[in-house]
Amino acid sequence: MLAFETDCHIFDGCGFPAPGLHSFLFEPLFTVGGYDFNKPMLLAVLTTVIVIGFFWAAFGRAKVVPGKLQMVGEAGYDFVRRGIVYEALGKKEGEKYVPLMVSLFFFVWIMNLWSIIPVAQFPVTSIIAFPAALALIVYVLWMYLTFKKHGFVGGLKNITGYDKSLGPVLPLAMTIEFFSNVLVRPFTHAVRLFANMFAGHVLILMFTIASWYLMNGIGFAYAGVSFVMTVVMTAFELFIQAVQAYVFVLLATNYVQGALAEHH
C-alpha cells in the first residue's frame, strides 16, 4: 500500500500524483507510552524475528549431515564468512567478527527486501534512522577496537593518519583525515544504504503510479510500457538490495580491519 491514495487518471482533469516525501510517511499503527509505532517499525521487528528464527531453525539442532534448511543457512553464513570477513581480516582474526557481520548482512538484506514483498512494499532502510543506527553500531565498534589495539595516542595516530614524513603539511593532513574518519565515514556509511533504497523505492513508485494513472482512454497504450518498466525496476531493485547489504557489511569489515592494522 502507498502512503497516499489516488483515483486520478489521465484525461480526468487532474495532475499526475507524483511520489515524494509523503510516500515515506505512515500513520501510527498504535501508540505505547507516547511513542508511535508505525509500519516501518513493524517491518524492522519482523525482520529481527525472521533472521533470528531462520538461523535458530537452521542451526538449533545442527547435524553432521545437514538438512535442506541447514544447508541454506550454512551457505549464507559461509558466504559472509569467507567472501567478506576472511578476505579482509583473515581467518584467525576475522572469526570472532563473523556472527556480527552475518547478522548485519541478513538484517539489512531482509529490511531491503520488504520493498518487493506484497502488502509490505516498503524498504525499511529508506528511513534514515535505521541505516544510521546500524552505522552507529559499526562506528562504536571501530572506535573501541582502534583505541583498545593502539592505546590513546596510537589510536589518535590511527584515525588521523599520522605520518611524520609529510613534513609541513602534516597538521593539515591530520585535520582532514580526522574529520574524514570521525565524521564523514560513519555519515556516508549510513547515507549510502539509505540513498540507494530511497531512490529505488521512489522509482518503483513512479512507474507503478504511472501505470495506474495512464489507464484511461488512449493512455492504456502507455500504461503497458510503464508496467513493463515497473517489472524491470523491481527486478533491478532485487539485485540492488543484495548489493547494498553486501557493501554495507564489506565497509564495516574494512573499518574493523583498519582499526586492527598496525600503524606505520
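Residue numbers start at 1 and run along the sequence shown. Since we're looking at a predicted model, the values are computed, not measured.
- Taking each heavy atom of Ala223 and Ser211 in turn, the nearest pair found is CB-O, 3.5 Å.
- Using bins of under 30°, 30° to 60° and over 60° for the plane-to-plane angle, the ring pair His201/Phe24 lands in the perpendicular bin.
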Practice task
Just do the side chain to side chain contact (heavy atoms under 4.5 Å, CB included) check on Ile116 and Gln241 with the steps written out, would you?
Solution key: CA-CA 10 Å; Ile116 61 172; Gln241 289 161 357; 3.9 Å; yes
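- A chain of hydrophobic side-chain contacts below 4.5 Å, direct or via other Ile, Leu, Val, Met, Phe, Trp or Tyr residues, connects Leu69 to Trp109.
- Rounding to the nearest 0.5 Å gives a distance of 11.0 Å between CZ of Phe187 and CZ of Arg192.
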Exercise for the section: Please test Thr253 against Tyr86 for side chain to side chain contact (heavy atoms under 4.5 Å, CB included), starting from the C-alpha separation and ending with a verdict. Expected result: CA-CA 9 Å; Thr253 308; Tyr86 284 3; over 6 Å; no
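- Residue Phe79 places its CZ atom among more than 12 non-hydrogen atoms of other residues, nucleotides or ligands, all under 6.0 Å distant.
- Put simply, Leu89 and Tyr144 are part of the same group of oily side chains (I, L, V, M, F, W, Y) that touch within less than 4.5 Å, one to the next.
- Atom CD1 of Ile209 is separated from atom CH2 of Trp212 by 12.0 Å, given to the nearest 0.5 angstrom.
- Here CE of Met101 is found 15.0 Å from CZ of Arg81. Values are rounded to the nearest 0.5 Å.
- A 4.5 Å side-chain heavy-atom check between Lys149 and Asn158 finds every atom pair outside the cut-off.
- Within 6.0 Å of CZ on Phe147 lie more than 12 heavy atoms contributed by other residues, nucleotides or ligands.
- The number of heavy-atom neighbours closer than 6.0 Å to OH of Tyr222, taken from other residues, nucleotides and ligands shown, is 12 or below.
- Tracing side-chain contacts under 4.5 Å through hydrophobic residues (I, L, V, M, F, W, Y), one never reaches Val225 starting from Met206; they form parts of separate clusters.
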Residues 42-67, side-chain donor-acceptor partners within the protein, below 3.5 Å, at least two apart:
from	atom 1	to	atom 2	distance (Å)
Thr47	OG1	Leu43	O	2.7
Thr47	OG1	Trp114	NE1	2.7
Thr48	OG1	Ala44	O	3.1

Exercise for the section: Go through the steps to decide whether Ile204 and Thr234 satisfy the test side chain to side chain contact (heavy atoms under 4.5 Å, CB included), and finish with yes or no. Expected result: CA-CA 7 Å; Ile204 291 177; Thr234 300; 4.2 Å; yes
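- In terms of heavy atoms, Phe122 sits closest to Pro40 at CE2-CG, 3.8 Å.
- Checking side-chain atoms of Ser180 against main-chain N and O of Ile176 turns up no donor-acceptor pair under 3.5 Å.
- Under the 4.5 Å side-chain contact rule for hydrophobic residues, Val232 and Leu238 do not share a cluster.
- Annotation: salt bridge (charged side-chain N to carboxylate O under 4.0 Å, His left out) contacts of Asp36 (sequence neighbours excluded): none.
- Between His189 and Tyr255, the ring center distance clears the sub-6.0 Å criterion.
- Environment of CZ in Phe16: crowded, with over 12 heavy atoms of neighbouring residues, nucleotides or ligands closer than 6.0 Å.
- Follow the hydrophobic side-chain contacts under 4.5 Å out from Leu172 and you never reach Leu156; the two are in separate clusters.
- What you find for Ala242 and Phe105 is that their closest heavy atoms are O-CE1, 4.3 Å.
- Few gaps surround CH2 on Trp142; more than 12 heavy atoms of other groups in view lie less than 6.0 Å from it.
- Centroid-to-centroid, the aromatic rings of Phe194 and Phe130 stay 6.0 Å apart or farther.
- Side-chain contact between Leu203 and Met229 is absent, with no heavy-atom pair separated by less than 4.5 Å.
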Practice task
Let me see the working for Leu251 and Val138 under side chain to side chain contact (heavy atoms under 4.5 Å, CB included), right down to the final yes or no.
Solution key: CA-CA 9 Å; Leu251 290 173; Val138 176; over 6 Å; no
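- Here the CG-CG distance, from Leu141 to Leu136, works out to 11.0 Å after rounding to the nearest 0.5 Å.
- Summarising the geometry of Asn181 relative to Tyr139, their closest heavy-atom pair is O-CE1, 4.4 Å, with the distance given to 0.1 Å.
- No donor-acceptor distance shorter than 3.5 angstrom exists from the side chain of Ser126 to the backbone of Met197, with no hydrogens or angles considered.
- Contact annotation: the side chain of Asn112 approaches that of Leu193 to within less than 4.5 Å [non-hydrogen atoms, C-beta and beyond].
- Surrounding CG of Leu183 are more than 12 heavy atoms belonging to other residues, nucleotides or ligands, all under 6.0 Å away.
- With Lys39 contributing its side chain and Leu29 its backbone, the two residues share no donor-acceptor pair below 3.5 Å.
- Side-chain atoms of Val98 and Tyr77, non-hydrogen and from C-beta on, do get closer than 4.5 Å to each other.
- Atom CD of Gln244 sits about 10.0 Å away from atom CZ of Phe239, to the nearest 0.5 Å.
- Between Val108 and Ala245, the closest heavy-atom pair is CG1-CA, 3.8 Å.
- Of all heavy-atom pairs between Ala210 and Ser226, the closest is CB-OG, 3.4 Å.
- In this structure, Phe236 places its CZ atom where only 12 or fewer heavy-atom neighbours from other residues, nucleotides or ligands lie under 6.0 Å away.
- Checked by atom type and distance alone, the side chain of Asn254 never pairs as donor or acceptor with a backbone atom of Gln257 at under 3.5 Å.
- Distance check, rounded to the nearest 0.5 Å: NZ of Lys148 to CG of Leu145 gives 7.0 Å.
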